[in-house]
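The structure presented is a predicted model; accordingly, all values stated were derived computationally and were not measured.
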2 protein chains.
Amino acid sequence: MNQITLQADPSRDLHKDQNREKILQAAATEIHRCGFQAASIANILANTGLTKGALYHYFPSKQILGLAVVDEVIYERLEQKMFTPLNTADRPVDILLEYLQFRQDTMTDESIKLGCPLNNLTQEMSPLDDNFKAHLNQILQTWQTVIENALLKGQTQQQIRADVDCSAAALFIVSAWEGCWGMAKNRQSVEVFQTCLSQLRNYVLNLGSGGK
Amino acid sequence: MNQITLQADPSRDLHKDQNREKILQAAATEIHRCGFQAASIANILANTGLTKGALYHYFPSKQILGLAVVDEVIYERLEQKMFTPLNTADRPVDILLEYLQFRQDTMTDESIKLGCPLNNLTQEMSPLDDNFKAHLNQILQTWQTVIENALLKGQTQQQIRADVDCSAAALFIVSAWEGCWGMAKNRQSVEVFQTCLSQLRNYVLNLGSGGK
DNA sequence: CAACATCCATACCGGTTGGTATCTAACCAC
DNA sequence: GTGGTTAGATACCAACCGGTATGGATGTTG
């Protein structure tokens with residue numbers, strides 16, 4: 001591209017793709033609310049004030065729009081809120097426990113009702129579409145690895161018992177986390193989420209003390 | 001009804017609703033494969049050889065068909081395979097652990113790919129439809145209660161520590177169980193399911209020994 | 001046999017879906 | 001200025017959706 005132009009007016013590109021971003025965010029919201037298959041392109045556009053011309057200019061199909069939501073919205077959020085903090089922490093096990101506590105304390109009815117965006121899409125799309133499966137899988141595997149590394153570091157810091165299988169434990173933590181979301185979403189109860197998550201915290205704490 | 005007729009030819013009623021049952025099973029399969037919203041009535045009928053006339057004769061709407069699947073297919077299966085065995089066992093905690101082991105050992109690729117029928121429907125429909133939510137909720141709560149009672153009985157048998165919150169633990173077991181399904185469904189890997197479920201068994205075992 | 005309910009096939013409907021073809025305005029480099 | 005690219009509005013489409021109305025078999029009952 002023309003580097004001079006970019007440097008001369010860096011805000012242009014931001015402005016240029018402003019509508020793309022609007023569509024992306026509206027799609028993320030609609031997909032979160034209805035699932036991917038039931039998400040209506042007409043609804044997405046109604047929330048942006050744009051029309052199909054704009055959408056199909058940026059995204060050649062609904063599927064590609066959905067994948068963009070996965071990569072650019074869902075992954076980005078997790079990266080900022082979980083992966084980076086855990087990867088850069090001095091005592092990542094503490095951060096993990098704090099994060100569980102934080103989510104337990106700040107969960108809202110609205111979030112519970114809609115459920116975890118990643119989990120929703122995963123459950124719906126993984127068996128149906130290999131592209132979705134691949135993109136969602138990458139996020140879940142990254143997540144698992146981040147937690148596994150946190151536990152491994154915890155082992156060197158005597159926070160986690162040496163006999164713990166950190167890979168399996170990380171897998172279970174991610175699974176159970178999503179399970180807690182799911183249960184709370186069904187019951188539509190913040191309290192259920194809190195109870196459930198505190199049991200998960202017990203599991204993590206047990207990785208560090210007497211238990212089997 | 002006419003009791004004499006029923007006694008005279010008890011097979012008649014079975015035959016009579018044979019097509020209803022066919023539709024119900026085909027619907028369960030289609031819903032398991034595609035989810036409820038994406039389940040196509042045309043597809044369901046194609047797998048039965050029947051037509052819309054038959055379906056709408058037995059089920060006044062797609063929603064009611066879906067609820068019938070929940071009540072008559074999904075619930076029945078759980079009742080037979082889990083609730084009754086746990087409720088009638090002498091040492092229910094043993095049965096619970098055996099059941100986890102059994103599912104871990106006998107899980108198939110096909111089942112993993114499609115995921116847990118109950119969990120799938122729950123995630124999809126609970127936020128969208130209060131009727132589905134109510135019916136699915138009842139199953140989940142029954143399940144939780146069955147496990148809670150098993151744990152309580154385990155406490156009297158010194159299999160579970162006295163300080164364990166059996167209600168919270170039961171909630172977590174159901175949640176984590178569904179979470180394991182979900183994770184394995186995404187990865188489409190029986191091995192992931194096994195790893196994950198063995199961690200859940202560790203959690204249950206920890207309710208009985210030294211932990212926290 | 002006649003009257004009636006049950007069972008189910010057929011044809012059809014309005015609404016919604018994702019997607020496309022066309023066109024216009026704005027902007028860009030030359 | 002002028003030709004070409006980009007952004008996006010509008011109108012339209014075939015396919016599919018769940019659902020309904022009708023009518024014809026097939027018993028079931030008086």
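- An OP1 or OP2 oxygen of D:dG8 is reached within less than 4.0 angstrom by a side-chain nitrogen or oxygen of A:Tyr58.
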Q: Please step through salt bridge (Lys or Arg N to Asp or Glu O under 4.0 Å) for the pair A:Asp17 and A:Arg20, ending with a clear verdict.
A: CA-CA 5 Å; A:Asp17 287 342; A:Arg20 192 191 120 101; 5.2 Å; no

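- The backbone N or O of A:Thr84 sits less than 3.5 Å from a side-chain atom of A:Thr88, completing a donor-acceptor pair.
- Ring planes of B:Phe102 and B:Tyr99: tilted class, angle from 30 to 60°.
- Here C:dT6 presents its C1' atom at 16 Å from CD of B:Gln18, a figure rounded to the nearest Å.
- Near DNA chain C, meaning a heavy atom under 4.0 Å away, the residues from residues 22-40 of chain A are A:Ala39, A:Ser40.
- Remark: of the listed residues A:Asp130, A:Leu128, A:Leu136, A:Leu136 is the sole one forming a side chain to side chain contact (heavy atoms under 4.5 Å, CB included) with A:Phe132.
- For the pair B:Lys185 and B:Phe193, the cation-pi criterion (under 6.0 Å, within 45° of the ring axis) is not fulfilled.
- Taking the six-membered ring wherever Trp is involved, the centroid distance between the rings of B:Phe172 and B:Tyr203 falls below 6.0 Å.
- Helix bend of the helix from C:dC1-D:dG30 to C:dC30-D:dG1: the angle between its two end axes, each built from five pairs, comes to 0° after rounding to 10°.
- The two residues A:Val192 and A:Ser189 make their nearest non-hydrogen contact at N-OG, 2.9 Å.
- For the pair B:Ile41 CD1 and D:dC17 P, the computed distance is 9 Å after rounding to whole Å.
- Taking the ring centre of B:Phe36 as origin, the terminal cationic atom of B:Lys62 falls inside the region bounded by 6.0 Å and 45° from the ring axis.
- In this structure, B:Leu65 atom CG and D:dG19 atom C1' are separated by 13 Å, rounded to whole Å.
- Taking the six-membered ring for Trp and thresholds of 30 and 60 degrees, B:Trp143 and B:Phe83 have ring planes inclined between 30 and 60 degrees apart.
- Under 4.0 angstrom from either OP1 or OP2 of C:dC7 there lies at least one side-chain N or O belonging to B:His57.
- Of the possible donor and acceptor atoms, none in the side chain of A:Ser126 sits under 3.5 Å from a partner among the backbone N and O of A:Gln123.
- Of all the residues in residues 44-56 of chain A, A:Leu50, A:Thr51, A:Lys52, A:Gly53, A:Ala54 reach under 4.0 Å from DNA chain D with at least one non-hydrogen atom.
- Listed for the A:Glu30 side chain is a donor-acceptor partner under 3.5 Å among the backbone atoms of A:Ser40.
- Protein atom CG of B:Asp17 is 11 Å distant from nucleotide atom C1' of C:dT6, rounded to whole Å.
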